[in-house]
Visitor: 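Before I ask anything, let me first share the structure, which is written out below as structure tokens.
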Amino acid sequence: MKISKRAQNITPSATMRISALAKEMNRRGERVISLSMGEPDFPTPENIKNAAAEAIKNNKTKYTVNSGIPELREAVAAKFKNDNALDYSSDEIIVSNGAKHSLYNALLSIIDEGDEVLIPAPYWVSYPHMVNLAQGKPVIIDSREENGFKISAEDLESKITDRTAAIIFCNPSNPTGAAYSKSEIERLTEIFIEKNIIVIADEIYEKLVFNGFEFISVASLNEKIKSQTIVVNGVSKAYSMTGWRIGYAAGPKEVISAMGRIQSHSTSNASSISQYAALEALRGPQNEVENMRAEFEKRRDYFQKEINGVEGINCNLPQGAFYLFPNVSSYFSEEIKGSTEFAAYLLEKGKVATVPGAAFGMEGFVRLSYAASMEELEEAAKRIKSALADLRKS
Ligand SMILES: Cc1ncc(COP(=O)(O)O)c(C=O)c1O
């Protein structure tokens, strides 16, 4: 069958490909430790699962309003008010099938053919593909390890042209865990305003920050930047609800309405049952969120120290999310030409699945997710050390 050029240009997600390979090796009995997936390893909290069961019992199993049940949009508005000091009305909020869906709807709503969309690298693997699908042009802004993988005002300015329409600003970042301070965001915001750049703020890792880091939503700085920002967030990471597929976006009425029109003709509402579960997530007790966050912080502290202690590896201490992004380039050689070969070697020899930095637009690094139990992390650290010691000898 004929396959469209659009589809041909989309490569499968590297993270999903590696996870599938790791699962296949496990099936063959090879006992791979997977540090490749981007999801919390905790079960969804009981109160949330119970709310979903109640929704089914009470026949909340039909189409809902396209943009999400009013109670959930009100709960999202309350979340923005309480957590971010942001005022949105219900018609400035849309609930979608995951944050990914909100991001895609946002791009489809604001990008015309040839519009340039800035993407700081390393970036989440889906961004450039989404921009291409929206017929925009991804323009990558490289960050540097010594700057904690955060872009500076100068980095940003150097990539702005008269076709620049938007930026996808992921904070805290997947894959590096970098989180921007208030003053860093303020400096970038001055430029966003001056150059009239729409900000798509991906804040899905907002709740996962460490050492008392104060998360600031870019839209909350002032009314002007709020008027040109679409904030995307969701319940996937904070409440360990990746499979429920609930994300949301907030922004000016006209863009939320455009996103609603696109959603209404493509997917319609997000799952009714999941919406009731998300309502409980946002309105119910929040102690599980803090428990998971604290556990991630403990694992980060342990694992970063272990990985940074491996000869030839430099690993920054990230302030958010649940990933390490170590520099492994000192291991590159004739055989291990780059991060892809390095990750393949770790999988084959160490039986540890990681994701090469190349997949995130940055060579020389790999992403290690520490959304795994302490026992798995301890074993993974042992295996990585041993596999790399062998590599040094060879
Ligand atoms: C940066 C970032 N944004 C968005 C998403 C997607 O979230 P959801 O599962 O709610 O679609 C992910 C998931 O990995 C992510 O890492």
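Counting starts at 1 for both ligands and their atoms, following the listed order.
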Visitor: Please say whether more than 12 non-hydrogen atoms of neighbouring residues, nucleotides or ligands are located less than 6.0 Å from CD in Gln8.
Guide: yes

Visitor: Sort out the contact shell of ligand 1: every protein residue with a heavy-atom distance below 4.0 Å, listed by chain and number.
Guide: Gly98, Ala99, Lys100, Trp124, Tyr127, Cys170, Asn174, Asp202, Ile204, Tyr205, Ser236, Lys237, Arg245

Visitor: Regarding Glu306 and Lys385, does a basic nitrogen lie under 4.0 Å from an acidic carboxylate oxygen?
Guide: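 So Glu306 pairs with Lys385 through a salt bridge.
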
Visitor: Between Phe325 and Phe365, how do the two ring planes meet: parallel, tilted or perpendicular, split at 30° and 60°?
Guide: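 Parallel, since the angle between the ring planes stays under 30°.
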
Visitor: Please confirm whether the ring centroid of Phe296 lies under 6.0 Å from the ring centroid of Phe210.
Guide: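 No - the distance between ring centres of Phe296 and Phe210 does not fall below the 6.0 Å cut-off.
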
Visitor: Quick check on the 6.0 Å ring-centre criterion: do Phe169 and Tyr180 meet it?
Guide: yes

Visitor: Are the side chains of Asn174 and Tyr205 in touch, meaning some heavy atoms are under 4.5 Å apart?
Guide: yes

